[in-house]
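Following: one structure in structure tokens, then a few remarks.
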There are 2 protein chains.
Amino acid sequence: MNQDQPGAVGVAPVTLDDVATHAGVSRQTVSNVLNAPHRVREGTRERVEAAIARLGYQPNRAARALRAQASRMIGYRIEPVHEESLASIHDRFLHALADAGREADHHLLLFTADDPAGELAACARLFRTGGVDGFVLYGIDHGDARPAALLKVGAPFAVFGRTDSDSGHCWADVDNVAGVADAVDHLIERGHRRVGFVGWPEGSGVGDRRAEGWRAALEEHGLLADCQRLDAQTHDTIAAGAAAGAKLLDLSDPPTAIVTVTDTLAVGVMRAAQGRGRVIGEDLAVVGFDDTPTARVLGLSSVRQPIEEVGRVIVEMLLARLPGVPHQPQTAAGPEGRLLRPSLVARGSSAAPYPSSST
Amino acid sequence: MNQDQPGAVGVAPVTLDDVATHAGVSRQTVSNVLNAPHRVREGTRERVEAAIARLGYQPNRAARALRAQASRMIGYRIEPVHEESLASIHDRFLHALADAGREADHHLLLFTADDPAGELAACARLFRTGGVDGFVLYGIDHGDARPAALLKVGAPFAVFGRTDSDSGHCWADVDNVAGVADAVDHLIERGHRRVGFVGWPEGSGVGDRRAEGWRAALEEHGLLADCQRLDAQTHDTIAAGAAAGAKLLDLSDPPTAIVTVTDTLAVGVMRAAQGRGRVIGEDLAVVGFDDTPTARVLGLSSVRQPIEEVGRVIVEMLLARLPGVPHQPQTAAGPEGRLLRPSLVARGSSAAPYPSSST
DNA sequence: GGGTGAAATTTTATCGTTCAAATCGCTTGA
DNA sequence: TCAAGCGATTTGAACGATAAAATTTCACCC
């Protein structure tokens with residue numbers, strides 16, 4: 001009558017015991033109906049299920065977590081928004097993760113950290129206090145210390161991306177080589193023969209693989225020699241992209257198309273080109289990477305990562321490795337890694353066929 | 001020796017009992033050191049704290065949640081990414097929320113839902129199963145059914161935005177009126193006398209308040225009569241913004257500056273203007289709302305919401321209302337609502353002073 | 001010195017579930 | 001007929017913490 005919450009209806013929480021009483025069985029039988037139905041005779045099971053439905057029972061997460069030593073939570077560090085870049089990939093990824101866990105009643109626990117060390121400390125703490133069963137790591141690359149550290153703590157995890165030695169943990173990644181190669185193919189198909197590339201400084205796995213995609217596709221078409229000097233490396237800002245674009249466009253024999261390692265750099269390249277009076281999509285074709293909202297706005301062709309699928313796959317792999325909750329009695333635990341193919345979204349910036357310079 | 005995790009170091013989890021033994025006190029005393037230090041004598045407290053530090057003890061979340069009936073989790077529904085709009089506000093907001101809870105050891109639990117009904121079901125379930133202590137609701141507006149539904153369930157919550165009747169729950173909102181008014185002031189200061197507005201159809205609280213800001217600022221400067229017909233309403237896509245912009249620009253006496261209710265619409269307006277040969281920032285000033293990454297890229301002036309602060313304030317208010325964990329022994333529970341002032345980020349799109357048409 | 005009351009600490013019970021072992025009921029085969 | 005065996009169900013204990021009640025310790029005063 002006199003609840004603490006003013007407008008609260010105050011439904012008394014229904015427990016296993018309540019269900020057991022109503023169904024005329026013991027607590028444990030109700031538990032079995034939920035967690036190991038095969039152990040329960042059909043008639044009993046139906047009776048219990050009826051009681052569960054009638055009372056609207058739902059197991060208490062804390063109690064379950066305490067006893068089963070499994071919180072059904074997946075930890076994820078959300079990074080500070082990097083103001084300079086255009087990434088919205090992140091939003092999509094988060095949603096995919098949260099959605100992927102839903103069916104198995106696993107939820108995402110978000111946390112923040114100030115730096116890599118802080119992140120590891122937070123992970124260790126969350127894991128040891130039973131706050132989460134495992135982690136998803138985003139944007140991993142060569143030399144990342146996190147996988148080793150988490151292995152040491154004993155926390156299960158799955159990563160988006162690859163390090164130089166992907167052993168002992170599962171990963172999913174986008175096929176960056178294929179993504180950029182597709183972009184190059186697309187441009188060559190439209191008649192371009194001089195295709196440039198603006199990438200990151202060597203050393204990042206992601207950047208190197210994207211550059212590799214450019215090189216491989218050119219080689220495939222026998223154009224690598226023509227494009228030898230048509231690449232530039234710089235860091236990921238619009239201004240840097242503009243500078244790199246300027247450099248390429250001011251060559252004596254400039255590229256007629258440029259692929260970039262990110263949309264951010266592509267925007268810079270477009271700026272540089274427009275500053276030189278070129279019309280994007282006619283005088284110069286540009287293809288970016290990530291398919292950000294900005295790309296859409298600017299009509300920039302871009303390689304779109306199948307983030308939703310990555311999220312799904314990652315959670316799937318992670319859950320399969322969690323001890324205790326063998327949702328799918330798979331053979332062992334599925335493959336260690338999965339490589340997913342991105343897709344090119346062609347827009348105006350690479351629209352018009354280019355009058356081949358060799359004809 | 002024979003752990004299940006191959007590389008796991010397998011640190012045996014430290015419990016309250018371990019600490020108690022090492023410190024030579026009872027379990028409850030250790031608990032008190034953590035939750036009610038004033039009840040423990042200084043000498044004892046120091047001894048216990050030393051033991052805690054030595055053993056690296058950290059309380060188990062599940063056990064604590066079960067006993068204290070408080071999970072220290074805040075629920076948040078992450079919505080599917082709306083491909084058409086440019087919002088990145090969301091990312092910032094999420095980060096702010098996660099960060100705000102950190103100090104009080106509260107974490108964010110992310111979940112998804114297919115529709116409003118599904119969201120409410122998920123909320124009710126999460127709350128009743130003890131998965132979360134309360135919720136943060138995003139993007140609330142007139143006629144939103146969620147507050148009433150949550151009140152009925154008895155779940156504490158705080159919202160970003162306002163409904164028509166904000167009673168019984170706490171809210172934080174951005175002062176939309178002031179935000180747009182600032183934009184208009186800024187334009188008038190630069191010499192503009194005919195300032196248009198592209199907004200949403202009437203009926204949304206947010207949209208109406210932004211329109212109100214436009215009207216109020218004009219009135220303040222005695223310019224409302226001149227700008228009577230300079231507004232348009234449409235839904236939030238770039239194409240629609242372009243159409244609305246075209247409509248205003250094709251008037252016999254068109255505006256020299258246009259404020260829009262979102263960056264998305266501003267981008268549309270810019271397109272329409274450029275399609276008519278106008279140079280943005282010289283022939284036509286444009287100011288958007290949200291300060292999206294795209295705005296930065298395009299040099300679009302925009303009203304920036306203090307999302308980080310909103311997140312902080314919301315979590316603060318929510319935590320203050322949670323029963324059981326009186327972190328701050330405040331008077332009652334702080335104010336019911338807070339209105340935060342956005343700030344204008346001026347860029348090229350509204351840069352040049354306009355030769356006043358009345359001179 | 002002993003009574004008093006407040007402060008410090010311990011004891012006991014409990015949160016809601018699942019695990020492990022024990023029990024019950026029924027079929028089967030010698 | 002009874003032991004063995006197996007599946008279904010129940011019992012008892014435990015997960016790791018906190019609330020509430022009970023107890024001890026201690027300072028203080030007459």
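Order of the sequence lines fixes the chain letters, A, B, ..., with proteins taken first and strands second; residue numbering starts at 1 for each chain.
Contacts of B/Ser26 with the nucleic acid, taken as non-hydrogen atoms under 4.0 Å apart, include base atoms. The residue B/Thr29 sits close to a base: some heavy atom pair falls under 4.0 Å.
OP1 or OP2 of D/dT9 sits under 4.0 Å from a side-chain N or O of A/Thr44.
For A/Arg338 (side chain) and A/Asp173 (main-chain N/O), no donor-acceptor pair under 3.5 Å exists by modelled atom type. In terms of modelled atom types and a separation under 3.5 Å, the side chain of A/Asp133 and the main chain of A/Arg72 share a donor-acceptor contact.
Rounding to whole angstrom units, CD1 of residue A/Ile52 and P of C/dT17 are separated by 10 Å. Atom CZ of A/Arg67 and atom C1' of D/dG12 are 11 Å apart (whole Å). The CG atom of A/Leu16 sits 6 Å away from the P atom of C/dT18 (whole-angstrom rounding). Protein atom CG of A/Asn32 is 15 Å distant from nucleotide atom P of D/dG7, rounded to whole Å.
When the nearest nucleotides of DNA chain C are assigned to B/Glu42 and B/Ala63 by heavy-atom distance, the more 5′-ward of the two goes with B/Glu42. In this structure, B/Gly24 and A/Arg27 both approach DNA chain C, and ranking their closest nucleotides by distance from the 5' end singles out B/Gly24.
Note: A/Tyr138 and A/Tyr76 have perpendicular aromatic rings, judged against thresholds of 30 and 60 degrees for the angle between ring planes.
Under a 4.0 Å N-O distance rule, the pair A/Asp114/B/Arg102 qualifies as a salt bridge.
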